[in-house]
Structures are given as structure tokens and as C-alpha cells.
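One structure is given below, encoded as C-alpha cells.
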Amino acid sequence: MLTPRPWQLDLDYPILINWWKQWEFGVVPKECLPPEGIIVEHNNTPICATGLYVGEGTKFGFMEWVVVDKLAQPKVTHKAITLCINSIIDLAKQKQLKLLYTVTGAEGLHKRYTKYHGMHLLENNTKTFLCNLTDDPIDLEAFSEY
């Protein structure tokens, strides 16, 4: 049985770290994750997640950090990711957002977004940039193309 729930970063962050490491993705600093996100569980075991950033004072949302337990069964993960993304879309609608944006280099997500979630491909040849606004070194691997 698949069940979505709001993520609780204090409890779920170690799970996210484990999944990112499984995929050799790098670790997103906890304080850079959105406070709201979805975890989908299969028989009470977390299986996938994604977050929702909301632009303060806007009706604009950004879905990011879609990740799945690499050790889970592919048939189950397909359904879990679908439920996870649909749950984020529902959350964005509950927040009365007008637009939900996402960016990914993962071909599987490209197909999924258009086929199952009604998203529209907007750009094909973009480059992304990030500026560290602190004096602290930050591992940027999680933000880089894999």
C-alpha cells in the first residue's frame, strides 16, 4: 500500500541523505531544503520524496529534489513517484499557487512529467548557475548535473 505524507525534515533528512548517496547525487544541506515536501511510503517504509518551494508573496512554486530509494522494486517506485508528484501538485493547488516549475536533467523524469502529470516542456538547452552567499564552503555536488 502506498501512502503519501508531509515530510518532516528533522526525522526524514537521514533517509534523504541515504537515498542521495545511493544515487551518488551529493547531499543537499538541510537548511536549503523547503519546509514542505512529500514522502511516499510503501507499507509504512519510505520509498520516495520531493520538496515544494513556494515563492514568498507569490503564487509560484518550485518542485525539486525528486528522489527514490534505489533498492526498492521498480514497479513499486514507478507508482510511488507518480503518487509523490501528484501529491506535490495537490499541495501546490491547496496553497492556491498558479504555476509549478521544475528543472531536471533526468530523462525518465522528462517523460514522466509530460506523460503523467500534464507538465509542459519549456526549455531544452538551459544552463543553471548557483552562487554561494556565505563564507562557508558548500559541497555543490548535489546541485550539479549527474
- Query: Can Tyr113 and Leu121 be said to form a side chain to side chain contact (heavy atoms under 4.5 Å, CB included), step by step?
  - Reply: CA-CA 9 Å; Tyr113 290 159; Leu121 176 62; over 6 Å; no
- Message: Tell me whether the count of non-hydrogen atoms from other residues, nucleotides or ligands lying under 6.0 Å of NZ in Lys93 goes above 12.
- Response: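 Counting other residues, nucleotides and ligands, NZ of Lys93 stays at 12 neighbours or fewer.
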- Query: Does atom NZ of Lys70 have more than 12 heavy-atom neighbours, drawn from other residues, nucleotides or ligands, at distances under 6.0 Å?
  - Reply: yes
- Query: For the side chain to side chain contact (heavy atoms under 4.5 Å, CB included) test, which of Leu16, Ile17, Asn18 pairs with Val27?
  - Reply: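 Going through the options one by one, the only one that passes is Ile17.
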[atom1] of [X] to [atom2] of [Y]: how many Å apart, nearest 0.5 Å?
| X | Y | atom1 | atom2 | value |
| --- | --- | --- | --- | --- |
| Trp7 | Glu36 | CH2 | CD | 10.5 Å |
| Trp19 | Trp65 | CH2 | CH2 | 15.5 Å |
| Asp69 | Thr77 | CG | OG1 | 9.0 Å |
| Gln22 | Glu24 | CD | CD | 10.5 Å |
| Leu2 | Leu83 | CG | CG | 6.0 Å |
| Lys79 | Cys48 | NZ | SG | 13.5 Å |

- Could you check Ile88 against Leu100 for side chain to side chain contact (heavy atoms under 4.5 Å, CB included), going step by step and ending with a plain yes or no? CA-CA 9 Å; Ile88 283 289; Leu100 180 64; 4.2 Å; yes
- Start with the C-alpha gap between Leu130 and Leu140, add the side-chain angles, then the distance that decides, and say whether side chain to side chain contact (heavy atoms under 4.5 Å, CB included) holds. CA-CA 9 Å; Leu130 186 65; Leu140 300 180; 3.7 Å; yes
Taking every non-hydrogen atom, the tightest pair across [X] and [Y]:
| X | Y | value |
| --- | --- | --- |
| Leu33 | Val28 | CD2-CG1, 3.6 Å |
| Met63 | Thr102 | O-OG1, 2.7 Å |
| Pro4 | Ile38 | CB-CG2, 4.0 Å |
| Ile39 | Pro46 | CG2-CB, 3.9 Å |
| Thr82 | His117 | O-CE1, 3.4 Å |
| Ala106 | Thr104 | N-OG1, 3.0 Å |

- Message: Is it the case that the side chains of Thr134 and Asn132 hold a donor-acceptor pair, with the cut-off being a distance below 3.5 Å and no angle test?
- Response: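 Yes, Thr134 and Asn132 have a side-chain donor paired with an acceptor closer than 3.5 Å.
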Validation row: [X], [Y] side chains within 4.5 angstrom (heavy atoms):
| X | Y | value |
| --- | --- | --- |
| Arg112 | Met119 | no |
| Lys59 | Leu99 | no |
| Trp23 | Val67 | yes |

- Item | Listed once per pair and sorted, the ring-ring contact (aromatic ring centres under 6.0 Å, His included) pairs that draw on residues 27-50, sequence neighbours left out |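 Listed once each, the pairs would be none.
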- Message: So does His120 get a backbone contact from the side chain of Thr114, meaning a donor-acceptor N/O pair under 3.5 Å?
- Response: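 Not a single qualifying donor-acceptor pair exists.
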- Quick one: does Asp12's side chain have a donor or acceptor within less than 3.5 Å of a partner on Gln8's backbone? yes
- How would you list, by chain and number, every residue that makes a ring pair (Phe, Tyr, Trp, His ring centres under 6.0 Å) with Tyr13, sequence neighbours excluded? none
- Task: Step by step, work out the side chain to side chain contact (heavy atoms under 4.5 Å, CB included) result for His78 and Tyr116.
- Result: CA-CA 11 Å; His78 171 74; Tyr116 300 112; 3.6 Å; yes
